[in-house]
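Report on the following structure.
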Number of protein chains: 2
Amino acid sequence: MTTAAICTIGDEILIGQIVDTNSSHIARELNKLGIKVDRMTSISDRLEDIEGHLSALLDSFDIVIVTGGLGPTKDDVTKTALMRLSSSDSWKMNNEQLEVVKRVLTVRGIELSEININQALVPSKCEVIVNRLGTAPCIVTQVGNSRLYNLPGVPFEALSLLPDIMQDIRSHFSLEHIEHKTITTFGIPESMLAAKIASWEDSLPCDMKLAYLPNALNGVKLRLSIYGAGENGMKRIDEEFAKILPLLADAVYGEGEDTLTIAIARILMANGKTIGVAESCTGGRIASLFTANAGSSKYFIGSVTSYSNEVKKSLLNVSDEILSNYGAVSSECAKAMALGAKKALGCDFALSTTGIAGPDGGSDEKPVGTVWVAVAYKDNNLGKDVAETIRFNFSSNRATNIERFAANALNFLRKKLIEQLHPKL
Amino acid sequence: MTTAAICTIGDEILIGQIVDTNSSHIARELNKLGIKVDRMTSISDRLEDIEGHLSALLDSFDIVIVTGGLGPTKDDVTKTALMRLSSSDSWKMNNEQLEVVKRVLTVRGIELSEININQALVPSKCEVIVNRLGTAPCIVTQVGNSRLYNLPGVPFEALSLLPDIMQDIRSHFSLEHIEHKTITTFGIPESMLAAKIASWEDSLPCDMKLAYLPNALNGVKLRLSIYGAGENGMKRIDEEFAKILPLLADAVYGEGEDTLTIAIARILMANGKTIGVAESCTGGRIASLFTANAGSSKYFIGSVTSYSNEVKKSLLNVSDEILSNYGAVSSECAKAMALGAKKALGCDFALSTTGIAGPDGGSDEKPVGTVWVAVAYKDNNLGKDVAETIRFNFSSNRATNIERFAANALNFLRKKLIEQLHPKL
């Protein structure tokens with residue numbers, strides 16, 4: 001099986017100044033080709049580190065893709081390492097890249113310098129994949145049976161080079177076929193999920209592998225991968241997943257990159273319905289999760305963040321009685337907020353949250369991590385608006401409590417939408 | 001010099017399903033102790049990979065911090081590797097962690113299973129740093145002169161363990177004394193900032209080091225570090241920073257971990273004033289940035305996310321004339337939204353945003369990335385509410401546009417607060 005390693009060069013990653021996102025993109029592209037990424041590393045831009053580390057990776061892996069260590073101020077070290085790794089004895093100018101360098105600098109209004117011209121110079125035995133968006137090319141070095149790709153670190157430049165690199169890989173390696181499918185679940189903790197499907201997991205064919213991908217905001221994703229299968233690989237994956245869907249019931253909300261708000265949007269749009277939100281403890285987070293999706297104005301009307309009781313009263317019409325008799329963190333207040341939001345925003349469904357994110361404000365009766373959630377909608381039998389509520393309790397820090405409040409509120413909304421709208425899932 | 005490596009375990013990172021953010025946080029904490037992170041790696045959760053790779057890292061580095069590979073469904077492999085690396089011959093139960101396991105599961109309403117109980121089991125020769133927020137403890141293994149820390153991969157659990165881990169590191173390694181101070185700036189691009197303070201930077205004493213820490217949401221942080229200095233280290237850092245503060249003027253908004261909303265909160269609370277928000281294109285993001293801060297109810301009243309024009313009219317009293325004559329993305333609409341929010345929410349200052357985050361909805365006149373921001377407040381001379389507006393243009397993807405809209409709106413608000421309230425900064 002063809003194996004790959006991904007490496008980033010640069011102190012900015014090692015000191016934690018920036019988070020490396022290139023490696024994740026590259027890994028996904030390699031995965032699609034059925035290439036297993038077995039190692040990711042980050043190293044400093046010292047010559048000895050680069051040369052030693054890259055040659056070690058080339059000894060162990062068929063494909064090594066490197067980002068960073070190229071650029072007007074950094075070129076020299078990495079290129080010197082490549083000079084040695086490729087046993088080149090001279091530099092050659094890549095005129096195609098030199099043309100891009102000139103064009104890019106003109107656009108940026110920077111005058112051409114020796115340093116910039118040198119960016120198009122590569123070791124004589126290396127190949128070049130031209131970077132059309134920046135000044136540093138992708139330098140390709142064949143070392144024995146392994147192939148080394150050095151990309152600039154700027155994410156949009158690195159990503160733009162990936163199609164050409166994947167094409168080069170296809171033409172140089174005979175690749176095993178691999179397919180993945182991910183189903184997204186919410187509401188069953190990872191350990192209970194594992195217990196539920198344990199016997200199924202144990203009985204998976206040996207060419208299939210299951211991965212649990214838990215995420216505070218979007219639940220647990222289950223990814224099933226099949227190695228070396230031909231045409232019917234995806235069919236076999238679907239058949240395996242079909243066996244557990246009944247066990248997971250409505251915990252399954254989508255596939256692949258789906259999020260709870262995307263799953264909710266799908267149901268709303270299929271039924272021509274709209275949603276509005278009234279947030280207390282989640283403080284705008286739920287609204288921002290909806291509006292993060294392009295085109296959300298089709299179904300998301302708006303929200304009220306009623307952080308103060310005054311706003312609960314003035315904009316959401318929550319009564320003084322409810323606030324004084326039950327308090328702001330109560331089933332009654334959550335209901336009143338949802339009903340008030342449905343009216344004030346003029347939406348078909350309204351979701352509300354009221355709770356205690358912490359660190360302060362908790363009590364024995366209502367500890368930090370308590371949240372009441374309500375969903376309001378028109379009950380067609382009763383011919384009037386009704387609201388249903390649920391209570392959740394968590395025990396995390398403020399930031400994570402807010403994430404969990406939002407996620408579990410959205411999942412409660414999703415279940416109510418399924419109840420009320422009976423979408424084909 | 002004490003060296004460190006950071007390693008993540010888990011296929012979810014190697015296949016690019018999730019981006020590793022833990023390593024970056026850990027690197028920053030080690031950096032503060034003056035420990036250089038020389039290597040970051042990601043490996044699969046196969047036993048042979050874990051055991052072989054970790055023992056290789058322990059040969060080369062004094063400190064190895066590992067995240068992932070622990071969790072109800074993953075424990076076994078990593079712990080088996082630790083069993084061997086620590087040459088332990090049996091398992092021991094950590095009762096303190098077991099209590100946390102029971103508490104966490106009770107709060108989450110999950111019944112205690114064998115799997116969960118086993119999470120508190122560690123190899124007999126390993127030490128434990130209790131994880132108070134989750135079920136998997138931090139397992140500490142001394143191997144020769146090197147120390148290995150295995151943390152759960154869930155970010156909020158991993159981060160919550162870092163203070164105890166750094167304390168353990170301090171007590172086991174003799175570290176050079178290092179002090180840092182960070183000042184936070186917004187509104188001057190990194191390259192211009194560098195040019196402004198270039199001569200100052202060049203003249204820094206050789207025991208001081210400056211780092212630029214740029215961040216889309218909170219601007220550019222400047223971190224000055226002093227190595228090996230005694231008592232007066234921080235005094236000398238302050239003296240150096242004092243030299244550039246006049247150059248940076250009101251671009252400087254705080255220190256250390258300050259964010260724009262924290263800087264704004266400080267001004268509001270010092271003056272007993274409150275803030276409310278009306279968001280269109282930022283869709284709740286600004287409200288969520290305010291409410292992310294503990295105690296924000298002291299100054300944050302609430303917000304309206306007026307995603308639809310109907311809500312702009314009904315809750316913010318934006319007139320049909322403005323919407324039809326100028327459109328929702330206009331200086332006039334931003335002003336009306338801010339004035340409407342101030343009235344509807346009953347706050348002293350109101351911030352509004354209206355723009356086009358993209359990818360669709362742009363035009364030649366108002367391209368994607370255009371945003372109008374307004375701040376409303378009572379003008380005491382005129383004796384009535386007024387609103388001031390500003391336009392920004394960006395050219396990123398939807399997510400980044402929303403972040404930049406929010407950040408620049410908050411910075412505009414901060415400057416207006418300084419103008420109106422003249423806080424002592």
Kindly indicate whether the side chain of [X], heavy atoms from C-beta on, has any atom under 4.5 Å from the side chain of [Y].
X      : Y      : answer
B:E12  : A:K221 : no
B:M40  : A:T8   : no
A:F290 : B:T305 : no
A:R404 : B:F156 : yes
B:R285 : A:L289 : no
A:P189 : B:I110 : yes
A:V19  : B:V19  : yes
B:E310 : A:I301 : no

Option in [options] with maximal non-hydrogen atom pairs under 4.5 Å from chain B:
options                        : answer
A:R46, A:E257, A:R39           : A:R39
A:G369, A:A399, A:S314, A:S395 : A:S395
A:N31, A:D20, A:N397           : A:N31
A:V277, A:T282, A:T182, A:N293 : A:N293
A:T41, A:I13, A:I18            : A:T41
A:S42, A:G284, A:G302          : A:S42

Checking [X] against chain B: side chain, backbone, both or neither under 4.5 Å from a heavy atom?
X      : answer
A:A294 : both
A:V304 : both
A:A211 : neither
A:F394 : backbone

What's the verdict on salt bridge (Lys or Arg N to Asp or Glu O under 4.0 Å) for A:K209 and B:D11, showing C-alpha distance, side-chain angles and the deciding distance? CA-CA 11 Å; A:K209 185 160 181 274; B:D11 285 348; 2.5 Å; yes
Would you compute the distance between atom [atom1] of [X] and atom [atom2] of [Y] and round it to the nearest 0.5 angstrom?
X      : Y      : atom1 : atom2 : result
B:I15  : A:K36  : CD1   : NZ    : 9.0 Å
B:E279 : A:S303 : CD    : OG    : 7.5 Å
A:S191 : B:L105 : OG    : CG    : 6.5 Å

Show, in sequence, the C-alpha distance, side-chain angles and deciding distance for B:L133 and A:T400, and conclude whether the side chain to side chain contact (heavy atoms under 4.5 Å, CB included) test is met. CA-CA 11 Å; B:L133 300 183; A:T400 308; over 6 Å; no
Heavy-atom pairs under 4.5 Å with chain A are the metric here; pick the option from B:T21, B:D38, B:L315, B:I43 that has the most.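 Top count of heavy-atom pairs under 4.5 Å with chain A: B:D38.
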At a heavy-atom distance under 4.5 Å, which candidate from B:S306, B:S297, B:S44, B:G10 has the highest pair count against chain A?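 Of B:S306, B:S297, B:S44, B:G10, B:S297 has the most heavy-atom pairs under 4.5 Å with chain A.
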Sort B:S280 into side chain, backbone, both or neither according to what part of it lies under 4.5 angstrom from a heavy atom of chain A.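 For B:S280, no heavy atom lies under 4.5 Å from chain A.
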Proximity breakdown for B:D360 and chain A, heavy-atom pairs closer than 4.5 Å: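 B:D360 has no heavy atom closer than 4.5 Å to chain A.
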Set of residues satisfying side-chain hydrogen bond (donor to acceptor under 3.5 Å, both in side chains) with respect to [X], sequence neighbours excluded:
X      : value
A:N317 : none
A:K343 : none
B:T354 : none

Above 12 or not: heavy atoms from other molecules or residues under 6.0 Å from CD of B:E111?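 Not buried by this count: 12 neighbours or fewer within 6.0 Å.
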Taking only heavy atoms into account, what residues of residues 23-30 of chain A are found under 4.5 Å from chain B?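 Listed by number, the contacting residues are A:S24, A:A27, A:R28.
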Quick check: closest heavy atoms across B:R398 and A:T291, and the distance to 0.1 Å?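 In this case the closest contact between B:R398 and A:T291 is NH2-O, 2.6 Å.
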